[in-house]
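Below, chains carry the letters A, B, ... as their sequence lines are ordered, and counting in each starts from 1.
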Amino acid sequence: MKEKYHFEEVEKKWQACWERDDLFSVPDFSDRPKYYCLEMFPYPSGKLHMGHVRNYSIGDVVARFKTMQGYHVLHPMGWDAFGLPAENAAIKHGIHPAEWTFENINNMRDQLKQLGISYDWNREFATCHPGYYTWTQWLFLQLFHKGLAYKKKSAVNWCPDCATVLANEQVIGGCCERCTAQVEKRELAQWFFKITDYAERLLKDMDLLEGWPEKVKIMQNHWIGRSEGAEIDFKVDGFNDTITVYTTRPDTVFGVTYMVLAPEHPLVEKLIAGTERESEIREFVRKVRHLSEIDRTSAEAEKIGLPTGASCINPLTGEKVPILVANYVLLEYGTGCVMGVPAHDQRDFEFARKYNYQVRVVIQPPGPDLNPDTMDAAYEEEGCLVNSGQFNGIPNTTAIKKITSYLEQEALGRFRVTYRLRDWLISRQRYWGAPIPIVYCDRCGVVPVPEAELPVLLPMEVEFKPTGQSPLAECPDFVDAVCPGCGGSAKRETDTMDTFMCSSWYYFRFTSPREKEAPWDKDKVDYWLPVDQYIGGVEHAILHLLYSRFFTKVLYDLNLVSNQEPFTNLLTQGMVLKDGAKMSKSKGNVVSPEDIVARYGADTARLFILFAAPPERDLEWSDQAVEGCYRFLNRVWRLVAPIRGTLNKSSRLPASNLVGINREMRRLTHKTIKKVTEDISERFNFNTSVSAIMELVNALYQYKEVPETDREPSVLREAIDALLLLLAPFAPHITEELWQSTGHEGSIHLQPWPAYDPEALIEDEVTIVIQINSRVRDRLLVPAGLTVEEMQERAMKDPKVLKLIEGKKIVKIIPVPGKLVNIVVK
RNA sequence: GCGGGCGUGGCGGAACGGCAGACGCGCUGGACUUAGGAUCCAGUGGGUUAACACCCGUGAAGGUUCAAGUCCUUUCGCCCGCACCA
């Protein structure tokens, strides 16, 4: 071993050694308690970025810590390997998506190994491998057979740049989640998963997710968007039709002065056919439908409404109300129409003032009466009903239920719960994804591919052109199929599945990655799941995490898994920033993990990232602080290396035999063990763990200066051992090297986590603070364990205190055991 | 507009309601050196002071408390998510 810290040698040596010994491979079962630690697997874009390094460093500390604590830890890694970038690379550079993907995987695997992350690489898989996507397709079939996968023609989100459709969850502020192009609406027949069937359970079971950040739960809650209200039927005057409107305010139904349909509402065409407004409205509808989602739904967009000329009958008043068509009404939400109550809804109020519709007050606040002619805003607060027939005088909160019950009784309406969540669109008009295992037969219709015929393999010889159709459609060998039903000729579905489908079940597959007969071995899944700790970026708060929860519930219902939620604890790590902004090529503020590892080594890179901020918070990159971590590791090396041969074999020595500096040193060792253990296990505060370890090192430098005759060798030995063990999850290479060079057998990463001795923590003397009127006036070194009376007594004898309180009246004395005495005087 | 988070030295960040600023970076001084951008030691929130000391300090303003960065109310700024949801 060298006297100088050469991280390149040390890291290479141990990485090779761990790999040779298969140190991190995990048996399927064990008697020890299990712990499944998982970081979100990456898309193989080519290189790791700092966000990855942060994610995987955090996960590695958790995995190594839990292993040392005696858990049987599953810590796997794989590749979310289907996706658009591979296909775009094919179009741009003429390289096959498969080749591009596997090259990237090889690169990134090397990088992960260079970081020394303790993955069980035997469990690695890529979702684009037939061995995996066979089961993605199999799972699609299970959903299909359960009636949870269906094909429907509807207006869907279309990204012109990616030339494919997107799920609602992938549209961010009207733009494509991947390429930020403005999303358009297109009328297409697409496959959906009925996630809405699970809306209530997805919502309710969030109560089970105690280990999730509140923020993520709130976001999912909002995304699901449950609302309670009523459906009310309005007969259309002169037609045989009924408009069913959804409202959360049935208490205001007597105040309806108009009714608005979405432009796409099926009734619109019928109502205007043959009327003088026909062409005008048709033109309006056409225009609105061609607007992008962002123009259509932005709150700033002007609200435009046109009367259809038709009217409907308010079921409670018998009154005729005009029916309009307006751009702000969405077909997808509720029933695709809105009742206009200008007096009690701000949006309706503004709309009515603009178009001169009547404002009718039906809820009166306490105090002066509202005057519909002079009101300048809607009254949306509570009050009592007026102008509402038999319901007059009832508080509106009670009226909501009463009126709905009445409507239900008269068969004019009913209670109804509505969700904002829509079904999950999974079709993608792209090549590089798992083919949807469906064929279309002229005789038999939509036919699922039999399980025995899986996988439906992706053909390798394909033309890549961004046409808006799946490249598979241009591939006759793929398209032409035999119908499994009648044996006649049929056509294959050429769309592939959303890659979020691949990532919705991968955490099950890690338990039995090579299983050939099923997606997983149920015993193994039941043993390992749920994931005890899941770690990843908050950007997946809705997409991936909601889909995964949905999948887990479906699989639970199919009796394929035994857990209802996939992830018990979730840690959402913050972003890595440079100069206050997210690292990005366009800003030119990217720091490459490769460069950092080459310059300082993996241990330094990991240590910095864990030390610079707590994991949930954003982390500001600092080259100088990285340097500081590098210096610290050098400091550890220089502390341990020179004395490695002189360390006493035994670290056993009872605390009671120790006095003075030796006793102090041992106390700090055990205090540090306690602090680091608690900071990691109770709150994942790795930054304060590291700082505690730094303090221990600083103290050891002092201790080393003590003349050898005054030092107790076993205290030094124990402190050095503890230091290395505590630091091992953070900086696995240097600690392994120093561990073995200080005479230990076996890997440090298989050692038990150190325990602190409560006896060693006991202090003989403590400093107590003396306050007068809450201001610190003196500090006293007193024997530990004084009673409050004794503390008080000492405080009152303190000459400084006596001087300061002289001539004043003591109002009160507040002693805090072992800490302070506050004397309140006047 | 709604929801969430964050405001603490020059910087990243610590502080069960009980000594604000641990630890690290940076800076200053010293030691060792031919040299130091290596290493070691010491200092480092602001102000008054020759010094002992004292005063002021956690975005701002109030409040609760013997005691508030921490709890409550109001307010300002920044970041993130959702946004015509009927």
Check nucleotides 3-9 of chain B against the protein and report each pair of N or O atoms closer than 3.5 Å, with its distance, or say if there are none.
none

Strictly under 3.5 Å: I want the nitrogen or oxygen pairs between protein and nucleotides 27-31 of chain B, one per line.
none

Can you check nucleotides 35-45 of chain B for protein contacts, nitrogen or oxygen pairs under 3.5 Å, and list what you find?
{"unit_1": "B/rU39", "atom_1": "O3'", "unit_2": "A/Arg638", "atom_2": "NH2", "d": "2.9"}
{"unit_1": "B/rC40", "atom_1": "OP1", "unit_2": "A/Arg635", "atom_2": "NH1", "d": "2.6"}
{"unit_1": "B/rC40", "atom_1": "OP1", "unit_2": "A/Arg638", "atom_2": "NH2", "d": "3.1"}

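Distances from the side chain of A/Asn687 to the nucleotides B/rG13, B/rG18, B/rC23 place B/rG13 closest. Checking B/rC66, B/rC56, B/rG26 against every side-chain atom of A/Gln624, the shortest atom distance belongs to B/rG26. Counting only heavy atoms from C-beta on, A/Ser774 has its side chain closest to B/rA67 among B/rA67, B/rG13, B/rG18. Distance from the side chain of A/Arg775 is smallest to B/rC56 among B/rA86, B/rC84, B/rC56. Which of B/rG18, B/rG13, B/rA86 sits closest to the side chain of A/Ala613 comes down to B/rG13. The nucleotide whose nearest atom lies closest to any side-chain atom of A/Ile172 is, among B/rG12, B/rC84, B/rC82, B/rC82.
Across all strands shown, the partner of B/rG43 is B/rC27, judged by Watson-Crick or G-U wobble contacts whose two distances both fall under 3.5 Å. Shown here, B/rC82 forms a base pair with B/rG1; the pair counts as Watson-Crick or G-U wobble because both key distances fall under 3.5 Å. Checking B/rU48 for Watson-Crick or G-U wobble geometry (two distances, each under 3.5 Å) identifies B/rA53 as its partner.
Donor-acceptor pairing under 3.5 Å is recorded for the side chains of A/Ser227 and A/Tyr246. Neither side chain, A/Tyr703 nor A/Glu664, offers a donor N or O lying under 3.5 Å from an acceptor on the other.
The residue A/Arg777 sits close only to the backbone: its heavy atoms come under 4.0 Å of sugar-phosphate atoms, none of a base. In this structure, A/Val816 reaches the bases: a heavy-atom distance under 4.0 Å links it to at least one base atom across the strands shown. Across all strands shown, A/Gln771 has heavy atoms under 4.0 Å from base atoms, whether or not it also approaches the sugar-phosphate.
Put simply, A/Arg683 has a side-chain N or O that comes within less than 4.0 Å of OP1 or OP2 on B/rA15. At B/rA83, one or more side-chain N or O atoms of A/Arg420 fall inside 4.0 Å of OP1 or OP2 (strictly under the cut-off).
Remark: A/Lys704 is positioned above the aromatic ring of A/Tyr701, its terminal NZ or CZ atom under 6.0 angstrom from the ring centre and at most 45 degrees off the axis. Stacking of A/Arg347 on the aromatic ring of A/Tyr328 is not recorded, the 6.0 Å distance cut-off and the 45° axial limit not both being met.
With respect to A/Leu412, the side chain to side chain contact (heavy atoms under 4.5 Å, CB included) criterion is satisfied by exactly one of A/Thr404, A/Ile232, A/Leu407: A/Leu407.
Taking atom C1' on both B/rG17 and B/rU70, the two are 7 Å apart, rounded to the nearest angstrom. If you take atom C1' in B/rC41 and the same atom in B/rU33, they sit 16 Å apart, rounded to whole Å. With both ends at atom C1', the span from B/rG37 to B/rC27 equals 15 Å, rounded to whole Å. Atom name C1', nucleotides B/rC25 and B/rC82: the rounded distance is 38 Å, in whole Å. Using P as the reference atom, B/rG77 and B/rG29 are 42 Å apart when rounded to the nearest Å. Atom C1' of B/rU58 sits at a distance of 11 Å from the matching atom of B/rG45, rounded to the whole Å. Comparing the P positions of B/rG81 and B/rU8 gives a spacing of 22 Å, expressed to the nearest Å. Rounded to whole Å, the separation between the P atoms of B/rG13 and B/rU65 comes to 35 Å.
For A/Leu324 and B/rC84, the CG to P distance is 20 Å, given to the nearest whole Å.
A donor-acceptor contact under 3.5 Å links the side chain of A/Lys303 to the base of B/rC84.
Heavy-atom distances to RNA chain B give each of A/Tyr333 and A/Lys819 a nearest nucleotide, and the one nearer the 5′ end belongs to A/Lys819. Nearest-nucleotide positions on RNA chain B for A/Pro614 and A/Val245 put A/Pro614 closer to the 5' end.
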